[in-house]
2 protein chains.
Amino acid sequence: MNSPTKKTTRIQAANQQKILEAALDMFSQFGYRGTTIDQIAAKAGMSKANLLYYFRRKNDVYLAVLESILDQWLEPLARLDQDKDPEQELRAYIETKLRLSQQNPRASRLFANEIMQGAPMIQPFLSNQLKELVELKCEVIQHWIDNGKLQPVKPMHLIFMIWASTQHYADFATQIQALTTDTDDKLYKDASQTLSSIVLRGVLVD
Amino acid sequence: MNSPTKKTTRIQAANQQKILEAALDMFSQFGYRGTTIDQIAAKAGMSKANLLYYFRRKNDVYLAVLESILDQWLEPLARLDQDKDPEQELRAYIETKLRLSQQNPRASRLFANEIMQGAPMIQPFLSNQLKELVELKCEVIQHWIDNGKLQPVKPMHLIFMIWASTQHYADFATQIQALTTDTDDKLYKDASQTLSSIVLRGVLVD
DNA sequence: TCCCAATTTTACCAATCGGTCAAGATTTTG
DNA sequence: CAAAATCTTGACCGATTGGTAAAATTGGGA
């Protein structure tokens, strides 16, 4: 099943997918400790023992789901291009992050949950891949600042600000739904407009 | 113990406090389902049965901790004063929220955790107290916009932005610690400077 | 169609979980 | 100081949890 030399059968592919979907739902809501194998199995429409035929332990399911979302997390930031216009780059970055939040809020919440639990499973990812990428992109932002294209802000904190304000719509969706009756599309449209205008007006040099 | 006519003894006061402290720690990390009574008791330095002498059920502990932080959540936003200068008010709001994040990150994470679990315990708080306050303060912000003091942004989204970017330092502290070696004080000082400058430059009318 | 591999289900296990209770220890009160 | 009140804890309970093994069922290829 996790052997690279074995073929994945039709049933395996289907069931693994079902399990990962169900697991994403449950882990993103209740975290690792708060989610039971039975919950995931029920959501995936199978028995617990059946689920454990495909993934040996609860931990393996969790890691598989986490791994399935981590590349998504790196990708938008990796796109920030030093040689392009900062206004366009930052606007695109905010857009992409909001699109992610809208299209896969559970992934955002899973990530948030993992971080709040102290990131037991992804500490290497944070300290290596993410750290390297963030440092690289801080240099991009600093380059723009040094060239007089952006106001002198702390690059890392600008990145945090964009992460925070775009992910918020996914992570705190329950709160937001209690506060507004806007449709999803209107909500994200207004978010995009507001965040872009404030961030860009706040960092661009005229 | 929860009877309003009974005196709280010295030991009760001390032990209840210990339990709430320990519970804040555990619930903020693992959420309701992921936290056991034994964990809390161990952290509070007592037996599980002793803990249950003071709080009848796990749910009662959870509610007590939640209730102890919810007023903190309303208070900074409640202070936004329509008759004062928006620059000062927004700056103060950001400052206060960052102070909260720095001084009680666990409360922030507990709140985030409760929201991500679908807010089963605080739906009334969200729909009533918080909603009313947010609507009221949206009018304050809209008033400033109508008087030409702020750029025309969606008030609710400005509030979300400030919440998101200030709470992020508490909620994602593990991630931030992996990305930077700054001291806590330097981190929050830079956060304050960056967030204030971007938000204020982004919404103030010159 | 048959046979074997893959998949699913059932039954089971030890450990943990939220909670209860009663007895002994400690603190408070008059 | 003694009695009453409060506090603490070990033992216990039924239910749940992550997981295992074997039996039953299904799928696929010759």
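Proteins come first, then strands; the chains are lettered A, B, ... in the order of their sequence lines, and each starts at number 1.
A sub-4.0 Å separation between OP1 or OP2 of C/dT8 and a side-chain N or O of A/Tyr54 is present. Contact annotation: B/Arg10 reaches the phosphate of C/dT28 (side-chain N/O to OP1 or OP2, under 4.0 Å). Of the side-chain N and O atoms in B/Asn59, none sit less than 4.0 angstrom from OP1 or OP2 of C/dG18. The side chain of A/Gln12 places no N or O atom within less than 4.0 Å of a non-bridging phosphate oxygen (OP1 or OP2) of C/dA6. In this model, the phosphate group of D/dG10 is not approached by any side-chain N or O of B/Asn50 to a distance below 4.0 Å at OP1 or OP2. Dashed line: the shortest gap from a side-chain N or O of A/Thr9 to OP1 or OP2 of C/dT7 is under 4.0 Å.
In this entry the distance linking CD of B/Gln16 with P of D/dT8 reads 11 Å, nearest Å. One can place CD1 of B/Ile37 at 5 Å from P of C/dG18, the figure rounded to the nearest angstrom. Taking atom CD of B/Gln39 as the reference point, atom P of C/dC17 lies 7 Å away to the nearest angstrom. Atoms CG (B/Asp60) and P (C/dG18) sit 14 Å apart, rounded to a whole Å. The distance between atom CD1 of B/Ile19 and atom C1' of D/dT8, rounded to the nearest whole Å, is 12 Å. As rounded to whole Å, 12 Å separates atom C1' of C/dG18 from atom CZ of B/Arg56. For the pair A/Arg57 CZ and D/dT17 C1', the computed distance is 16 Å after rounding to whole Å. We find that CG of A/Asp38 is positioned 16 Å from P of C/dC17, with the value rounded to whole Å.
Picking from C/dG19, D/dG19, C/dC17 the nucleotide with the shortest atom distance to the side chain of A/Arg33 gives C/dC17. Among C/dT20, D/dT6, C/dT10, the nucleotide with an atom closest to any side-chain atom of B/Ala49 is C/dT20. Distances from the side chain of B/Tyr53 to the nucleotides C/dA6, D/dT6, D/dG19 place D/dT6 closest. Of the listed nucleotides (C/dG18, D/dT20, C/dC21), C/dG18 has the atom at the smallest distance from the side chain of B/Lys48. Comparing D/dG19, C/dT20, C/dT9 against the side chain of A/Lys58 picks out D/dG19 as the nearest.
Side chain to side chain, A/Arg99 and A/Gln102 meet the donor-acceptor criterion of an N or O pair below 3.5 Å. Residues B/Lys154 and A/Gln193 have side chains that never bring a donor and an acceptor to within less than 3.5 angstrom of each other. For the 3.5 Å distance criterion, the side chains of B/Gln117 and B/Asn113 qualify, holding a donor opposite an acceptor.
The residue B/Leu52 sits close to a base: some heavy atom pair falls under 4.0 Å. Across all strands, A/Thr36 comes closer than 4.0 Å only to sugar-phosphate atoms, never to a base (heavy-atom distances).
The ring of B/Tyr169 has its center closer than 6.0 angstrom to the ring center of A/His157.
Between A/Phe111 and A/Trp73, the ring-plane angle classifies as tilted under the 30° and 60° cut-offs.
Relative to the six-membered ring of A/Trp144, A/Lys84 misses at least one condition, a distance below 6.0 Å or an angle of at most 45° to the axis.
Both B/Ile11 and B/Tyr32 sit near DNA chain C, but only B/Tyr32 has its closest nucleotide nearer the 5' end.
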